[in-house]
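Inspection log for the structure reproduced underneath, given as structure tokens.
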Amino acid sequence: MALRVVDFHAGWEKIQRAIDRIVSFVDDNGVIRDENFRLFSASESMSIYETVYNLCTQKDPAYEKELYRRYEGFLNHHINTRVLPAMRGKSGEHLLRETVNSFRDYKFIMRWMTLFFLYLDQFFVGRYNRPTIRNAALLILHNQVYEEMKGDIISTVLSLINEDRDGKPVDRALVKQVLEVVFDLQSETLNVPYQTDFEPALLDSSGAYYALKMANWLQNLPYPEYMLQVVECLNAENFRAMQYLHPSTVPKLLERTKFEIANPDRIDANCLAGKVQQLKLGNNSYYC
């Protein structure tokens, strides 16, 4: 590749025009899901890459550090002017849909940024111990968007899961898409928020939900019917979990559910307590 001296401001202006083109496309049209769709031709992409390459490799001065700084600056500006304003103030399913749409658009932008700034990934980030272009984007999204919105997102998902358990109509595809967003936020320098934030909250919420169910069933059902209810519940829980949870979560959820509703020691203890209460009331109709 022929190396020629490029004025930084002229070079960055060319790169900025390409970035503006990507953002305008996302703003005006949304993301086309066709994987073969190309916003830039091969020659256009190569021209932008060459501009980055020349700015990074020319001497006196080389601009690799400044390019990386500008890249991070663009991401921060995009999140604060587009992503966060679109999410703040929304709740319930509206928030979940905005989460899915914003992340979809952000990934589209990331894909092109990774292509344009490939030279930085190959020769800059390792030398200066910086996150890759992709990981930098995920870290900024995590720190600025996810950390602010995760409480509302996770609580909404948990509420929908409980509604699904109660037989209410729930958009399971939306729940699955949101959880995929949370799972995909992982990077080389970032723990998986799905495992550190969502999964523990799900298990605790499920434990509380089924503890109440157990108490109600034991009080109102004969023991044989209670055990039939347990089997039906576990089968239904497994089916629902497979619709939207990550496969690694399903056995953990089923284990927690079994602990709450099918633990022999807990069932026997509740039955004994119930018999004592019935005797105190002079009623021998307790079913356990």
Side-chain angles (χ1 to χ4, degrees), residues 91-93 95-97 99-100 103-104 107 135 138-139 141-143 145-218 221 223 225-271:
S91 60
E93 292 191 16
L95 173 61
L96 299 190
R97 289 194 176 89
T99 300
V100 172
F103 188 63
R104 179 197 62 188
K107 284 200 300 182
N135 286 342
L138 289 175
L139 282 168
L141 184 68
H142 175 274
N143 293 339
V145 180
Y146 176 75
E147 284 296 328
E148 176 178 334
M149 308 301 299
K150 67 179 181 182
D152 291 338
I153 292 171
I154 291 175
S155 64
T156 300
V157 169
L158 295 178
S159 294
L160 290 177
I161 289 175
N162 281 343
E163 289 179 14
D164 197 11
R165 288 167 173 155
D166 291 336
K168 298 178 182 178
V170 168
D171 188 345
R172 290 176 175 174
L174 176 62
V175 174
K176 178 179 176 62
Q177 289 172 332
V178 172
L179 294 180
E180 286 174 345
V181 169
V182 177
F183 191 86
D184 287 344
L185 282 175
Q186 63 181 303
S187 70
E188 295 174 1
T189 54
L190 189 68
N191 291 328
V192 184
Y194 178 93
Q195 295 174 352
T196 58
D197 296 329
F198 171 73
E199 203 173 68
L202 170 68
L203 297 179
D204 288 345
S205 172
S206 300
Y209 177 91
Y210 281 114
L212 290 175
K213 286 291 184 183
M214 176 189 179
N216 181 62
W217 293 341
L218 282 173
L221 296 176
Y223 185 77
E225 290 186 22
Y226 175 86
M227 294 311 299
L228 287 175
Q229 188 70 48
V230 167
V231 173
E232 292 177 3
C233 176
L234 290 173
N235 288 336
E237 189 73 7
N238 180 66
F239 177 79
R240 282 189 299 267
M242 295 295 291
Q243 305 303 305
Y244 39 67
L245 299 180
H246 189 271
S248 64
T249 305
V250 177
K252 300 174 188 176
L253 176 61
L254 293 179
E255 189 64 29
R256 181 60 181 268
T257 305
K258 289 178 185 177
F259 176 79
E260 296 297 341
I261 65 174
N263 186 314
D265 293 336
R266 303 187 71 187
I267 293 174
D268 291 344
N270 277 275
C271 286

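A search for salt bridge (charged side-chain N to carboxylate O under 4.0 Å, His left out) contacts involving Glu163 returns nothing, not counting sequence neighbours. For the ring-ring contact (aromatic ring centres under 6.0 Å, His included) test, residues two or more places apart in sequence or in another chain that qualify with Tyr146 are His142. Every side chain to side chain donor-acceptor pair (under 3.5 Å) that Arg256 has, sequence neighbours left out, goes to Glu260. A search for salt bridge (charged side-chain N to carboxylate O under 4.0 Å, His left out) contacts involving Glu148 returns Arg88, not counting sequence neighbours. Partners of Asn235 according to the side chain to side chain donor-acceptor pair (under 3.5 Å) rule, which considers only residues two or more places apart in sequence or in another chain, do not exist here. For Asp164, the salt bridge (charged side-chain N to carboxylate O under 4.0 Å, His left out) partners at least two apart in sequence or on another chain are Arg172.
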Quiz item: Would Val175 and Leu179 count as a side-chain contact (heavy atoms from CB on, under 4.5 Å) if you check the C-alpha gap in whole Å, the side-chain angles of each, and the deciding distance to 0.1 Å?
Solution: CA-CA 6 Å; Val175 174; Leu179 294 180; 4.1 Å; yes

Exercise. Check the pair Phe239 / Gln243 against side-chain contact (heavy atoms from CB on, under 4.5 Å), numbers first and verdict last.
Key: CA-CA 7 Å; Phe239 177 79; Gln243 305 303 305; 3.5 Å; yes

Quiz item: How far apart are the C-alpha atoms of Ile161 and Tyr244, what are their side-chain angles, what is the distance that settles it, and do they pass the side-chain contact (heavy atoms from CB on, under 4.5 Å) test?
Solution: CA-CA 10 Å; Ile161 289 175; Tyr244 39 67; 3.9 Å; yes

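Without hydrogens or angle criteria, Tyr194 side chain to His246 main chain gives a donor-acceptor distance under 3.5 Å. Listed for the Ser205 side chain is no donor-acceptor partner under 3.5 Å among the backbone atoms of Ala201.
Using a 30° and 60° split on the angle between ring planes, Trp217 and Tyr226 fall in the perpendicular class, above 60°.
Note that the NZ atom of Lys107 and the CG atom of Leu138 stand 9.5 Å from one another [nearest 0.5 Å]. Taking CG of Leu253 as the start and CD of Glu199 as the end, the distance is 9.0 Å to the nearest 0.5 Å. Between the CG atom of Leu203 and the CZ atom of Phe198 there is a distance of 8.5 Å, given to the nearest 0.5 Å. Remark: Glu180 CD to Asp184 CG distance equals 7.0 Å, nearest 0.5 Å. Taking CG from Asp171 and CG from Leu96, the interatomic distance works out to 9.0 Å, rounded to the nearest 0.5 Å. Here the straight-line distance linking atom CZ of Phe183 with atom CG of Leu185 works out to 11.0 Å at 0.5 Å rounding.
Closest non-hydrogen pair, Leu245 versus Leu202, comes out as CD1-CD2, 3.8 Å. For the pair Val181 and Val100, the tightest heavy-atom approach, listed with the atom from each and the gap, is CG2-CA, 4.3 Å. The two residues Leu234 and Leu254 come nearest to each other via the heavy atoms O-CD2, 4.0 Å. Between Ile153 and Thr99, the shortest heavy-atom contact is CD1-OG1, 3.7 Å. Closest heavy-atom contact between Thr156 and Glu93: CG2-N, 4.4 Å.
Proximity of Phe103 to Val145: side-chain heavy atoms (C-beta onward) are nowhere separated by under 4.5 Å.
No more than 12 heavy atoms of other residues, nucleotides or ligands sit less than 6.0 Å from atom NZ of Lys258.
For the side chain to side chain donor-acceptor pair (under 3.5 Å) with Ser206, the qualifying choice from Arg165, Lys252, Glu237 is Arg165, the only one to do so.
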